[in-house]
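To start, the structure under review is shown below, and the notes come after it.
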Amino acid sequence: MNFSSTDQRNRMIGVVTVVTVLLLIGGALISAMTPWLMGVQASTQARQVDALMRMMMFVGGIVFLLVQGLVLWAVIAFRRRAGDDGDGPSVHGNYALEFVWTLIPTIVVFIITIASYIVFVQTRAPQANELVVSVTAQRYAFAFQYEDEATGTIVDDRVLRTYVGRPVKMEMNTVDVIHSFWIPSMRVKQDILPGRETTMRFEPTRAGRYPVVCSELCGGGHGGMHAEIFVYPDEESYLAWQDTVVNCVLNPPEDPAARGRAILEGNVGGYGCAGCHVLDDLGWNGQIGPSLNGIADRANQRALAAGDTTGEEYIYTSIRNSAAYITPGYQNVMPVWNEEQMSDERVGDITAYLLTQSEVGDVAPPEPSCPVPSFDDVLAEHEAEQVVSR
Ligand code: CUA
């Protein structure tokens with residue numbers, strides 16, 4: 001650029017300075033929107049990811065305002081005047097300008113790449129004293145498994161549980177297609193791949209219950225495939241849950257129906273029934289398979305209509321070999337488990353429990369047999385304590 005006088009040059013420097021300051025302020029304002037975009041921050045990984053996000057929002061904000069500002073300025077300053085039908089001058093060959101607009105983005109992208117790599121490595125680094133939880137994904141539910149270190153007992157659950165300050169390592173597998181395990185509040189997400197175990201790590205920093213979402217299209221029920229994570233405020237409250245459940249697994253109830261309830265309620269075996277069926281007694285609201293409310297009545301009716309079977313046999317067979325009786329209007333998509341995965345005794349227990357799900361009969365469904373402390377109570381108590389200590 002040629003400046004005809006020092007005056008013009010000074011004016012140019014002034015404009016560039018003002019624009020630069022405005023861009024920096026604008027970038028900072030856009031970057032300040034990050035917490036609102038990202039939601040609750042509940043892990044050390046979330047802090048790192050959000051810091052990176054903040055930086056990228058700052059850079060992106062400046063680029064956005066610069067480009068939009070230039071477009072707006074060009075539209076106004078170089079608009080067609082009345083009576084002007086000619087073309088504008090053809091401008092090319094400004095090496096200095098081309099050099100600058102190549103160099104600056106290169107440096108910016110390079111810095112973002114390095115920062116992203118650092119966060120990527122840090123958020124995945126193994127920690128001491130990790131709580132190992134395995135998760136099995138299956139259309140359309142996640143099943144979690146813990147091992148009690150003292151007794152070696154395996155505990156199944158539909159909920160992912162840990163406590164503040166305890167790093168978690170997830171060992172993830174799928175029995176069917178690709179799913180993706182996403183905990184938005186922890187800012188961690190990882191695909192779960194057939195035939196290959198993947199891992200994921202996070203360290204919760206904030207007690208509470210947060211959603212877990214499947215973020216890979218895995219079939220018709222993908223939109224409903226989610227779970228919850230309960231972050232206990234401390235190790236003591238977490239162990240109160242774990243010890244209770246371990247005790248229940250080691251001492252199952254005498255009554256088969258009560259055992260069946262415990263299997264379904266705790267998702268023992270990881271069958272994930274809750275992901276597909278409705279059952280009010282256990283608070284299920286899956287939308288893929290037939291409802292199990294009042295299933296005993298319908299099983300008895302169908303057995304009666306078929307003539308050569310009983311309600312008990314109808315339910316037993318529907319679990320053991322789901323293709324045998326397909327409820328009209330539903331597809332044959334229920335998984336089949338062999339005897340190793342689901343023993344005959346277990347099918348019998350689940351059948352005994354489902355036979356108590358009657359809306360016309362006088363069969364009383366069994367009470368919950370494992371008095372797990374309510375997580376909401378644990379949270380409420382923790383919040384009350386915090387208010388007192390303030
Ligand atoms: Cu599993 Cu989407």
Side-chain angles (χ1 to χ4, degrees), residues 1 3 8-79 91-127 167 180-191 198-206 210-213 215-217:
M1 271 174 252
F3 299 108
Q8 232 173 344
R9 175 185 292 247
N10 285 344
R11 233 182 88 204
M12 192 69 188
I13 292 174
V15 168
V16 169
T17 309
V18 170
V19 168
T20 307
V21 169
L22 284 177
L23 285 177
L24 289 174
I25 294 173
L29 286 176
I30 290 179
S31 163
M33 283 162 46
T34 310
W36 169 73
L37 276 177
M38 302 293 276
V40 183
Q41 190 188 62
S43 72
T44 51
Q45 282 74 9
R47 280 184 206 147
Q48 292 163 316
V49 170
D50 287 5
L52 179 65
M53 184 70 185
R54 229 179 229 129
M55 179 195 126
M56 292 199 294
M57 290 282 281
F58 179 65
V59 175
I62 289 176
V63 172
F64 173 79
L65 294 175
L66 177 66
V67 171
Q68 298 304 317
L70 283 174
V71 167
L72 212 65
W73 173 66
V75 162
I76 294 166
F78 301 112
R79 69 187 184 280
V91 181
H92 52 84
N94 190 327
Y95 288 126
L97 197 58
E98 285 173 24
F99 182 73
V100 168
W101 80 38
T102 308
L103 184 69
I104 293 178
T106 306
I107 294 173
V108 169
V109 169
F110 194 67
I111 292 173
I112 292 178
T113 306
I114 292 177
S116 305
Y117 181 74
I118 292 172
V119 171
F120 181 80
V121 170
Q122 280 179 351
T123 50
R124 296 171 155 251
Q127 307 289 319
S180 183
F181 195 79
W182 181 30
I183 317 178
S185 59
M186 307 288 162
R187 310 283 192 277
V188 286
K189 186 198 266 185
Q190 170 66 51
D191 274 6
T198 51
T199 55
M200 193 178 91
R201 293 183 160 89
F202 64 93
E203 185 181 330
T205 52
R206 193 171 176 279
Y210 309 102
V212 173
V213 184
S215 58
E216 182 74 54
L217 182 60

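As the structure is a computational prediction, the values presented were derived from the model and not from experiment.
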Inter-residue atom distance [X].[atom1] - [Y].[atom2], 0.5 Å rounding:
{"X": "F120", "Y": "L52", "atom1": "CZ", "atom2": "CG", "value": "12.5 Å"}
{"X": "T17", "Y": "M12", "atom1": "OG1", "atom2": "CE", "value": "10.5 Å"}
{"X": "M186", "Y": "T205", "atom1": "CE", "atom2": "OG1", "value": "7.0 Å"}
{"X": "T102", "Y": "I107", "atom1": "OG1", "atom2": "CD1", "value": "11.0 Å"}
{"X": "R47", "Y": "Q41", "atom1": "CZ", "atom2": "CD", "value": "6.5 Å"}

Heavy-atom closest pair, residues [X] and [Y]:
{"X": "G61", "Y": "I30", "answer": "CA-CD1, 3.7 Å"}
{"X": "P211", "Y": "P184", "answer": "O-CD, 3.4 Å"}
{"X": "V188", "Y": "W182", "answer": "O-CD1, 3.2 Å"}
{"X": "P126", "Y": "R201", "answer": "CA-NE, 3.3 Å"}
{"X": "P35", "Y": "S31", "answer": "CD-O, 4.5 Å"}
{"X": "Y210", "Y": "V40", "answer": "CE2-CG1, 3.9 Å"}

Main chain of Q45, side chain of E203: is a donor-acceptor contact present, judged purely on distance under 3.5 Å?
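Answer holds: no.
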What side chain to side chain donor-acceptor pair (under 3.5 Å) pairs are there with at least one residue in residues 53-64, not counting sequence neighbours?
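Qualifying pairs, neighbours excluded: none.
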Counterpart residues, side-chain contact (heavy atoms from CB on, under 4.5 Å), relative to [X] (two or more places apart):
{"X": "L23", "value": "V19, I62, L65, L66"}
{"X": "Q122", "value": "Q48, I118"}
{"X": "L22", "value": "V18"}

By salt bridge (Lys or Arg N to Asp or Glu O under 4.0 Å), which residues pair with D50, not counting sequence neighbours?
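Result, salt bridge (Lys or Arg N to Asp or Glu O under 4.0 Å) vs D50: R187.
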With side chains defined as the heavy atoms from C-beta onward, is the minimum distance between F58 and L24 less than 4.5 Å?
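Result yes, sub-4.5 Å side-chain heavy-atom pair found.
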Apply side chain to side chain contact (heavy atoms under 4.5 Å, CB included) to residues T199 and Q190 and explain how you reach the verdict.
CA-CA 8 Å; T199 55; Q190 170 66 51; over 6 Å; no
Sequence neighbours left out, what passes side chain to side chain donor-acceptor pair (under 3.5 Å) with S180? Give chain and number order.
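For S180 the side chain to side chain donor-acceptor pair (under 3.5 Å) partners, ignoring immediate neighbours, are D191, S215.
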